[in-house]
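To start, the structure itself, in structure tokens.
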Amino acid sequence: MMLGTERLYNIDAYIKRFDATIIGLNDEGVILDRTSFYPEGGGQAGDTGFINRFRVKDTRFIGDEIVHILEESRRLNVGERVKGEIDWERRYNIMRLHSAAHIMEFFLFKTFGTLRRIGSYVNEVKDRADYEYDGKMSVEALKVVEAETNRFISESHPIVIYLDPSNVNLRIWKCSWMEMPCGGTHVKNTREIGSIRLKRKNPGRGVERVETYLAEPSNTAHERLLNNRTLKEL
Ligand SMILES: [Zn+2]
């Protein structure tokens, strides 16, 4: 049964709290009529947070439905009005890293030539991207990529998402001269990223992994305090 959830994170990636109605329940979790919880997909981790006072430990597509996975099964009812709140600190770091990783890739290709990306995943700690590559990316060359990425980020470029005119289901990420299809959540301006550090790994023959880290992840005590207060108010 396809219920369909309005995807608030596509309308505005900065929506932290929202009201919704439960439209489905199953063993795995809760389905809402609208949500700002991003479900794992497109190489981006699923959101965590709260529905009322119940901890959402992950958000995933199960079949066609966006399912909020609760830490423990709770007595909730279809038709019940609830308040949702995503773990904003975590999501904001994911948004910063996801945008940064796209920019990094353009400078990576500038240095190494266009490479085939064979996998990527971003969570609140890092973005990792695997590329087909024979040999070893040198530390010096990656330092150049890192410096060019950081210089570009510091120039405060706006980031926009637009729908492909020939396919409205295809979302395109655009920043200055850079463009690529992406369904993830992003910051509005590169200055929100701060600066990044790159690490190289070799996960296997013919594959090089580039990891992107934020120099300053957002996790201030102030933000935590604000979050706690909001949760108590729910
Ligand atoms: Zn993306």
Side-chain angles (χ1 to χ4, degrees), residues 7-15 35-48 58-61 66 86-112 114-133 142 145-146 148-150 152-153 155 157-201 203 207-214 217-218:
R7 302 171 188 190
L8 300 173
Y9 53 83
N10 278 347
I11 297 166
D12 180 352
Y14 291 77
I15 297 174
T35 191
S36 65
F37 282 81
Y38 182 87
E40 182 175 50
Q44 181 177 320
D47 278 328
T48 59
D58 197 5
T59 310
R60 273 187 242 145
F61 273 107
I66 296 172
I86 61 171
D87 182 342
W88 174 247
E89 187 177 288
R90 176 173 177 275
R91 157 72 93 68
Y92 192 51
N93 282 329
I94 292 173
M95 285 163 59
R96 294 166 73 206
L97 277 168
H98 197 157
S99 297
H102 283 342
I103 295 163
M104 178 284 292
E105 185 169 88
F106 283 93
F107 289 108
L108 186 80
F109 291 178
K110 193 182 149 200
T111 295
F112 293 96
T114 303
L115 304 173
R116 201 159 88 85
R117 183 176 359 101
I118 52 175
S120 70
Y121 192 75
V122 60
N123 63 17
E124 71 276 25
V125 177
K126 67 182 176 193
D127 177 278
R128 63 165 166 74
D130 291 344
Y131 300 94
E132 268 182 8
Y133 187 77
L142 270 183
V145 175
E146 185 182 274
E148 289 190 320
T149 303
N150 279 330
F152 180 88
I153 284 170
E155 291 165 356
H157 295 280
I159 294 171
V160 294
I161 307 287
Y162 70 92
L163 304 181
D164 186 320
S166 60
N167 177 4
V168 290
N169 292 318
L170 189 62
R171 298 168 65 78
I172 312 287
W173 175 94
K174 184 177 183 346
C175 180
S176 185
W177 49 271
M178 305 170 179
E179 255 186 68
M180 71 164 79
C182 180
T185 56
H186 290 275
V187 291
K188 285 181 182 159
N189 193 292
T190 59
R191 71 170 163 263
E192 295 176 64
I193 298 167
S195 63
I196 55 116
R197 289 200 199 98
L198 298 181
K199 268 190 206 168
R200 170 209 162 260
K201 282 188 179 152
V207 182
E208 288 281 281
R209 173 171 294 173
V210 181
E211 292 183 342
T212 304
Y213 292 84
L214 294 171
S218 44

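From a predicted model like this one, the values you see are computed outputs, not experimental measurements. Both ligands and their constituent atoms are indexed starting at 1 by order of listing.
Applying ring pair (Phe, Tyr, Trp, His ring centres under 6.0 Å) to Tyr9 and the options Trp88, Tyr14, Tyr38 leaves one that passes, Tyr38.
Side chain of Gln44 to backbone of Thr185: a donor-acceptor contact under 3.5 angstrom is found.
Remark: Lys199 is positioned above the aromatic ring of Tyr213, its terminal NZ or CZ atom under 6.0 angstrom from the ring centre and at most 45 degrees off the axis.
Scanning for side-chain contact (heavy atoms from CB on, under 4.5 Å) contacts around Thr114 gives Phe109, with sequence neighbours left out.
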Subject >> Steps toward side chain to side chain contact (heavy atoms under 4.5 Å, CB included) verdict (Asn150, Ile196) >> reply: CA-CA 7 Å; Asn150 279 330; Ile196 55 116; 3.2 Å; yes
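Atom CD of Glu146 is separated from atom OG1 of Thr111 by 12.0 Å, given to the nearest 0.5 angstrom.
Distances from the Zn ion (ligand 1) under 2.8 Å pick out these protein N/O/S atoms: His98 NE2, His102 NE2, Cys182 SG.
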